[in-house]
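A short write-up of the structure that comes next.
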2 protein chains.
Amino acid sequence: MATVKDIAKQAGVSVTTVSRALNGYDDVSEKTRARIREIAESLNYSPNAMARSLVTNQSKTIGLLVSGLSEEGAKDHFTFDVLNGLNDRASEYGYDLILFNTNSAKQRVKSYAQLCRERRVEGVILQGVKVDDPYLQEVIESDIPCVLIDIPITGKNVGYVTTDNVLGAYEAVRYLIKQGHEAIAFMNGHEKAYVSGKRLEGYNQAMAEAGVPVDASWVLNGEFSEPVARDQALRFLQEHREVTAMFCSSDLMALGVMQASKRLGVTVPKDLSIVGYDDIVIAEYAHPSLTTVAQDKFQMGSAAADLLMDFLQGKETSGEKILPTNLVIRDSVTRLR
Amino acid sequence: MATVKDIAKQAGVSVTTVSRALNGYDDVSEKTRARIREIAESLNYSPNAMARSLVTNQSKTIGLLVSGLSEEGAKDHFTFDVLNGLNDRASEYGYDLILFNTNSAKQRVKSYAQLCRERRVEGVILQGVKVDDPYLQEVIESDIPCVLIDIPITGKNVGYVTTDNVLGAYEAVRYLIKQGHEAIAFMNGHEKAYVSGKRLEGYNQAMAEAGVPVDASWVLNGEFSEPVARDQALRFLQEHREVTAMFCSSDLMALGVMQASKRLGVTVPKDLSIVGYDDIVIAEYAHPSLTTVAQDKFQMGSAAADLLMDFLQGKETSGEKILPTNLVIRDSVTRLR
DNA sequence: TTGTAGGCGTTATCAA
DNA sequence: TTGATAACGCCTACAA
């Protein structure tokens, strides 16, 4: 593989000149620059990014840490969409993405932070990690600039991107109320998730506003899992025939609730209205199609890239980006009366 | 950031000793090794992968080139699943993945091959590219070891992973025939795709075996697109009320056909049986749920990693891996008579 | 068992 | 406008 030295030799100049010619410095005559360019091309020269990084101390690389990336059966496109947005924007900044995953088969000895330091990533995006994940602490304390998805931590070079979970849930529940529902249960996710707390807030808020008292036992924990939500719903719906609607903290759980309904002979939306959260692809194809709170996952990715770049460029920033949600109305809710 | 030099200084030894102690050479006394390890730890030392690469000439990095990665609305989990399998296996080999995408907003000046050379990736996986993609040629000619997904090219350090498309299609159609169908149309993808040719082969084979003549006009081109398949089906189904089944070269197209059926008042599967291909997540949730030819995408990814490693380690290999498919029977096919 | 010295490919500093 | 030279952090003959 050709190096600057090869070019220099062939052009009869020094490596310095070659370097500067190729990097567009203006203290090199156009004539030699042209000659050098030509030779570089003919030699199929590509600068060695690593050698460059070594001296500039810039790897032009950002790390993506995804917990549970390798798990099969991740039905929600969430991770992937965020990754796309991220990659798209990062490449605009001239950065490439490098992927790390935690749960490798051979219990990886190296820690996240170590991986990042070895590769000298300039920043990190963390996604899908739980609030109590030990990796989380490790990375935050590592002083590598870092942006979290859906975990609200800010600090020196630490920020996060999320959507307006309170408002999203609020609007969903208010929509149900406007459709005449009052007996509205809430299938929430596990407590380790930041978003769960926020969405509960939104639920409570909408209920309070409508003057509907909230029964704590009507807030279920589906652990963001389809089968768990199904089982929870199975139990709950049998005990509470009076419920007319259920708001779910994820589409996957909403699908679980649908399954439970079907099994119990409860027709959606006639006997039970359901609203989900996320707007995953399946939502549109479910039967009936699912009314849900949509998050723009692609945008979450690019916003995360933007925020990280702010850190890297030393820009002043609050370190938080809260994106809007959008209620997508389909066929899983019926108007009461 | 701590370097070997720092450690050496603090331990009162040379950098050589540090390097060898940390890399597990046995010509260093256990006592000094222990001391060096301790100091390294206390200094939070991580070796600089780039400096190491520079001298070992091994980047421990493989590139992933995905065409159309950033396109929103890629409903099939395909790319993502493959990526997961790839990443999972690669990390077992001690390799990290670096992502490149072509269609960045700012028309990226650098070519794929250039990107790969700059980052000194040891090998490349190419996915989602069309047979006539200029990038394809470029990469293949670049003499970087490379594995293609679903494109049958082999050569020096070039190989591919695919599934048995002929057999997959054959089994799908034979299944339809066993259910009593004879008037079976085929919604194929575009001709630029390798898999389309193969699946057509399988279709023809099964039909011939059953002694059912194939009418070329019954083979449609849905371009692997949901709306295109829908429109094609709309036209075709109106003209051919005698068709009882349609085999589709992708689940997405099968969904398009379902939409068309619905619009025409043709009930699936009572009036029209449908078999798809891929087994994307939506297939299970569609209404009726879709009988389809499943491909293990995760496994395709890990097989690709394996093959690439064979190249990198100079192992003898045919350069092709053809994985099995698996007919998943759900509710979109009815038994005739 | 340990240390010295050279080099990987690039950029940066300084002098010519 | 150009060139010599010294880094960057690491590994690896070779010598001690």
Side-chain angles (χ1 to χ4, degrees), chain A residues 1-37 39-40 43-61 94 96 110 114-122, chain B residues 1-37 39-40 43-61 94 96 110 114-122:
Chain A
M1 200 150 283
T3 72
V4 275
K5 218 183 266 179
D6 300 321
I7 300 176
K9 204 176 293 173
Q10 195 161 329
V13 297
S14 75
V15 291
T16 313
T17 308
V18 173
S19 173
R20 279 187 300 213
L22 260 25
N23 288 320
Y25 283 60
D26 54 0
D27 60 350
V28 46
S29 80
E30 276 315 315
K31 210 182 102 215
T32 47
R33 186 198 304 278
R35 195 168 81 252
I36 287 173
R37 278 236 180 88
I39 295 176
L43 256 40
N44 226 325
Y45 170 76
S46 291
N48 185 327
M50 290 160 171
R52 175 181 287 163
S53 296
L54 203 55
V55 49
T56 61
N57 216 12
Q58 291 211 331
S59 65
K60 287 291 178 187
T61 293
D96 286 315
K110 294 172 188 174
Q114 217 162 349
L115 245 24
C116 291
R117 279 199 302 262
E118 284 189 10
R119 294 286 185 175
R120 294 297 191 270
V121 301
E122 297 183 32
Chain B
M1 200 152 281
T3 74
V4 275
K5 215 184 274 180
D6 300 323
I7 300 177
K9 203 176 295 172
Q10 194 161 329
V13 297
S14 75
V15 291
T16 315
T17 308
V18 174
S19 174
R20 280 188 299 215
L22 259 25
N23 289 323
Y25 283 60
D26 53 1
D27 61 348
V28 45
S29 80
E30 276 314 317
K31 208 182 106 218
T32 46
R33 186 197 304 279
R35 196 168 81 253
I36 287 173
R37 279 237 179 87
I39 296 176
L43 256 39
N44 227 323
Y45 171 77
S46 291
N48 184 328
M50 291 162 169
R52 175 180 286 162
S53 297
L54 204 55
V55 50
T56 61
N57 219 13
Q58 290 211 334
S59 66
K60 288 293 180 183
T61 292
D96 287 314
K110 295 173 188 171
Q114 216 160 351
L115 246 22
C116 292
R117 279 199 303 264
E118 284 189 9
R119 292 286 186 175
R120 293 298 189 270
V121 300
E122 296 183 35

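Each chain gets a letter, A, B and so on, in the order its sequence line appears, and its residues count up from 1.
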Distance, rounded to the nearest Å, where [X] contributes [atom1] and [N] contributes [atom2]:
X: B/N57; N: C/dT10; atom1: CG; atom2: P; value: 12 Å
X: A/L22; N: C/dG9; atom1: CG; atom2: P; value: 16 Å
X: A/L54; N: D/dC10; atom1: CG; atom2: P; value: 9 Å
X: A/L43; N: C/dG9; atom1: CG; atom2: C1'; value: 15 Å
X: A/R33; N: D/dT1; atom1: CZ; atom2: P; value: 10 Å
X: A/N48; N: C/dG9; atom1: CG; atom2: C1'; value: 6 Å
X: A/E118; N: D/dC10; atom1: CD; atom2: P; value: 10 Å
X: B/D26; N: C/dT1; atom1: CG; atom2: P; value: 8 Å

Practice task
Could you tell me whether B/K60 and B/D96 have a side-chain N and a carboxylate O separated by less than 4.0 Å?
Solution key: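 Answer for the salt bridge query: no.
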Exercise for the section: Considering non-hydrogen atoms only, spot the tightest contact between A/S59 and B/M50 and give its length. Expected result: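 Closest heavy-atom pair between A/S59 and B/M50: CB-CE, 3.4 Å.
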With a cut-off of less than 4.0 Å, is there a side-chain N or O of [X] near OP1 or OP2 of [N]?
X: A/T56; N: C/dT10; result: no
X: A/Y25; N: C/dA12; result: yes
X: B/S19; N: D/dC11; result: yes

Handout entry: Contact residues, residues 7-18 of chain A to DNA chain D [heavy atom, < 4.0 Å]
Key =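 The answer is A/G12, A/V13, A/S14, A/T16, A/T17.
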Handout entry: Among C/dT11, D/dT1, D/dG9, the nucleotide that comes nearest once only the side chain of A/D27 is considered
Key =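 Output: D/dT1.
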Exercise for the section: Measure from the side-chain heavy atoms of A/S29 and tell me the nearest of C/dG9, D/dC10, D/dT1. Expected result: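 Output: D/dT1.
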Problem - Comparing A/K5 and A/N23 on DNA chain C - which has the more 5′ nearest nucleotide - result: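 Whichever sits nearer the 5' end wins; that is A/K5.
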Practice task
Give the intermediate values and the outcome of side chain to side chain contact (heavy atoms under 4.5 Å, CB included) for residues B/D6 and B/Y45.
Solution key: CA-CA 9 Å; B/D6 300 323; B/Y45 171 77; over 6 Å; no
Handout entry: side-chain hydrogen bond (donor to acceptor under 3.5 Å, both in side chains) partners for A/S53, two or more places apart
Key =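 A/S53 satisfies side-chain hydrogen bond (donor to acceptor under 3.5 Å, both in side chains) with no other residue.
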Handout entry: Whichever of A/V28 and B/S46 has its nearest DNA chain D nucleotide further upstream toward 5'
Key =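 Nearest nucleotide further toward 5': that of A/V28.
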Practice task
Go through B/R20 and B/D27 one step at a time and tell me if the side chain to side chain contact (heavy atoms under 4.5 Å, CB included) criterion holds.
Solution key: CA-CA 8 Å; B/R20 280 188 299 215; B/D27 61 348; 3.7 Å; yes
Problem - A/R52 backbone acceptor or donor facing A/T56 side chain under 3.5 Å - result: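 Side chain of A/T56 to backbone of A/R52, a donor-acceptor pair under 3.5 Å: yes, one is there.
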Problem - B/N23 side-chain N/O to B/Y25 backbone N/O, donor-acceptor pair under 3.5 Å - result: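 A pair under 3.5 Å: no.
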Problem - base_contact_polar (C/dG3 base, B/R20 side chain, donor-acceptor, <3.5 Å) - result: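 Yes, a donor-acceptor pair under 3.5 Å.
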Exercise for the section: Select base, sugar-phosphate, or nothing to describe what A/T32 touches, counting heavy atoms under 4.0 Å on all strands. Expected result: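 Counting heavy atoms under 4.0 Å across all strands, the contact made by A/T32 is with sugar-phosphate only.
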